[in-house]
2 protein chains.
Amino acid sequence: MAAEAGVSQATVTRVFSSPGLVAPDTQQRVRDAANRIGYVPNAIARSLKSQRTDIVGAVVPTQGEYWQSVLTSFSRRLADKGKQLLLFSFADADHVVDALDAVEQYRLDGLVLASSTISQEHLVRMRRPGPRVVAFNQPTATGLLPLVSVDNEAGTSALVEHVAAQGVATAMFVGGVAEASTDQMRYRGAAKSLGDLGIACPYIEAGAFTYDAGYKVASQISEGLELPDVMMVGSDEVAFGVIDGLRTAGVSVPGDVLVTGFDGLPQASWAGYDLTTLVQPIDVLVDEAIAMLLDTEDPGERSQVIPGTVYEGRTTRRIND
Amino acid sequence: MAAEAGVSQATVTRVFSSPGLVAPDTQQRVRDAANRIGYVPNAIARSLKSQRTDIVGAVVPTQGEYWQSVLTSFSRRLADKGKQLLLFSFADADHVVDALDAVEQYRLDGLVLASSTISQEHLVRMRRPGPRVVAFNQPTATGLLPLVSVDNEAGTSALVEHVAAQGVATAMFVGGVAEASTDQMRYRGAAKSLGDLGIACPYIEAGAFTYDAGYKVASQISEGLELPDVMMVGSDEVAFGVIDGLRTAGVSVPGDVLVTGFDGLPQASWAGYDLTTLVQPIDVLVDEAIAMLLDTEDPGERSQVIPGTVYEGRTTRRIND
DNA sequence: TTGACCTATGACTACGTAGTCATTATGTTC
DNA sequence: GAACATAATGACTACGTAGTCATAGGTCAA
């Protein structure tokens, strides 16, 4: 390439990385030559030399509407900053290790660990010098890694407050996976706030954060016939299943049972469900996470817990109009 | 690192890339040293030298349930093969160029162009020596790039066949974006097959491949009061909006109008919708695309058009039981 | 015992860039 | 016009690996 343009390699580099240092006509000569032979700067070589890849890694589970929207948000925000997103996904917890192994080989500018099912052991392992690491919506990481999370506990509390205003006497919490730290926080917020009102809140585990799991649980519960006034579900996706399960069993939502979700997925506001839920400000969370990864100023291991907002849908509206 | 283990750099490399060539005890010595000082092979340097990154790029729009599931599928399949996925996403067509620019700098092992809105001009630009490129579900690319796609035209034909069996006299096609090549193919299949039955099929453009666009269109149409027997919608996501829009306006689906979708999203089989749709075998499409990218054997610019299957949901069931 | 052969390892170079330093040409000041 | 600052460029090296070639020792059969 340098030969083609009749200049030194150093000048070629300058044209593409600091054009201000090269005379206009030389610059033109180099660019012409580049177009002629299809030269494009090699990001791999640049990364090797500069020790910066301009790539941020994300370890994310392959399933779940919520994670997909988080991923989308990350991708978009990073693109705005000229960074790329390298995706390490894993189907089940066993494969997390594979993903983490791969992560270390690439010298990423930063790494996002998003998933409520990464074990503490694995989290600790990522606490090392080198690229910044941020845990995303993963309360387990508290104290182990810098963390960005929605305020799960306050979230379900706020939902309880809203639901209580509709007048309820009995309640139930439908979680996804009991081991998940988000699930625990959300249940705690609900149980505590309901307890303050003198309402008990049994925990039922759906078994997964999926529509099917919610559907199945709702079917079983509606067979048992002891329906509570409100079912607080740990995630929107599960809540959709719960609603459909109840309705299929002939139970009216919100006529017979109120239902709340958590996450604020786009589908929550779809007319078919119009689910009352705690909306996570995903873009805010993501921006915060990116800032923590890339801000060279502040190397502090601060963590951020950001509040969500309650979306009041039809699934908690007592008076049908 | 070599010094720490008391061996040459070449031996260190061998331990991590071709362990068979190193004596067991030497190997142990190297691994111990690596653990001691936290050494991990540098994928950047390896890529520079070997001219292989083990990374496949994907240019995908940031929005749309369908693309998200495609992305998920790619990520998972690639991980199985020890490859990583570098995500280049773009919000609107203007940003595609930025993504393509970035793509060229990284020497990727392959590139997937997934989006029905990348212009032919941009597609042609990617026709260059170097990494393999595959267009995904993007009929525009026919003849320009190797293509993997579901058979859009045959898909809507199959849907017509199913719908016709329910007995319909009038029809309508609700597309997302008229310029999108997938939209065109799908409409063509529907119009042709309906035409064979002597049924006209006007095209209505929702304006976007979104729930909201579908909802809005359905609201407007139901105000006009000239509802057809069946509304064939160009994508599931739009179809959900159409269904909710109709139902909100007091129109029964499938009582008054039958509705079909296209894509086969997970939500299609949710009890709330149970949408009749053309299910794309995404994993098959993705596997095929990956094979085309990575198979060193067959350098042919073959293209693959893969048939989908009709899922018969409640939205086309005439007799309510 | 000797040559053929295999195993385990080291020495060396290239991959394409960025950064440091050196060099030359071009002004600029008194 | 001498001394000096500035702009534009080249030469050179290191980043960490993979692949090629060379070397040292060991095994085996004739």
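Being a predicted model, the structure only gives us computed values, none of them experimental. Chain letters run A, B, ... following the sequence lines, proteins first, then strands; residues in each count from 1.
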Engineer: What does nucleotides 6-12 of chain D look like as a protein-contact string, B for base, S for sugar-phosphate only, - for none, at under 4.0 angstrom between heavy atoms?
Structural biologist: --SBBBB

Engineer: Can you find a pair of side-chain heavy atoms, one from A/R107 and one from B/V40, that are under 4.5 Å apart?
Structural biologist: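 The answer is yes, as the side chains (C-beta and beyond) meet within the 4.5 Å cut-off.
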
Engineer: Determine whether B/V133 and B/P146 make a side-chain contact, defined as any pair of heavy atoms from C-beta on separated by less than 4.5 Å.
Structural biologist: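 When only atoms from C-beta onward are counted, B/P146 and B/V133 do not touch, as no gap falls below 4.5 Å.
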
Engineer: What is the bend of the helix from C/dT1-D/dA30 to C/dC30-D/dG1 when you compare the axis at one end with the axis at the other, using five pairs each and rounding to 10°?
Structural biologist: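 Its terminal axes enclose an angle near 40°.
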
Engineer: Excluding sequence neighbours, so at least two apart, what forms side-chain hydrogen bond (donor to acceptor under 3.5 Å, both in side chains) with A/Y39?
Structural biologist: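 side-chain hydrogen bond (donor to acceptor under 3.5 Å, both in side chains) check on A/Y39 returns nothing, list empty.
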
Engineer: Test of understanding: with ring-ring contact (aromatic ring centres under 6.0 Å, His included), list the residues that count as partners of A/Y106, not counting sequence neighbours.
Structural biologist: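 Expected list: none.
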
Engineer: If I take atom OG1 from residue B/T140 and atom CE from residue B/M185, how far apart are they, to the nearest 0.5 angstrom?
Structural biologist: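 Answer for the OG1-CE pair, B/T140 versus B/M185, is 9.5 Å.
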
Engineer: Given B/E237 and B/D263, is the side-chain contact (heavy atoms from CB on, under 4.5 Å) satisfied, shown in steps?
Structural biologist: CA-CA 9 Å; B/E237 200 167 347; B/D263 284 343; over 6 Å; no

Engineer: Decide if the gap between the ring center of A/F136 and the ring center of A/F74 is smaller than 6.0 angstrom.
Structural biologist: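 They qualify: ring centres under 6.0 Å apart.
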
Engineer: Tell me: OH of A/Y106 to P of D/dT17, nearest whole Å?
Structural biologist: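 Roughly 13 Å, once rounded to whole Å.
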
Engineer: Give the rounded distance in Å between these two atoms: CD1 of A/I37 and C1' of C/dG16.
Structural biologist: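 Rounded to whole Å, this separation is 13 Å.
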
Engineer: Start with the C-alpha distance between A/Q9 and A/T13, add both sets of side-chain angles, then the distance that settles side chain to side chain donor-acceptor pair (under 3.5 Å), and finish with yes or no.
Structural biologist: CA-CA 6 Å; A/Q9 171 267 316; A/T13 293; 3.0 Å; yes

Engineer: Could you tell me whether the side chains of B/T210 and B/Q63 share a donor-acceptor contact shorter than 3.5 Å?
Structural biologist: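 Short answer, no.
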
Engineer: At under 4.0 Å between heavy atoms, what does B/F16 touch on the DNA or RNA strands: base, sugar-phosphate, or nothing?
Structural biologist: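 It contacts nothing in the nucleic acid.
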
Engineer: Apply side-chain contact (heavy atoms from CB on, under 4.5 Å) to A/V305 and list each qualifying residue two or more places apart in sequence or on a separate chain.
Structural biologist: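 Residues passing side-chain contact (heavy atoms from CB on, under 4.5 Å) with A/V305: A/D151.
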
Engineer: Heavy atom of residues 42-51 of chain B under 4.0 Å from DNA chain D: which residues?
Structural biologist: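 B/N42, B/A45, B/R46, B/K49 - these, ordered by number, are the residues of the stretch whose heavy atoms sit under 4.0 Å from the strand.
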
Engineer: Separation of A/R52 atom CZ from D/dA14 atom P, in whole Å?
Structural biologist: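 About 22 Å, once rounded to whole Å.
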
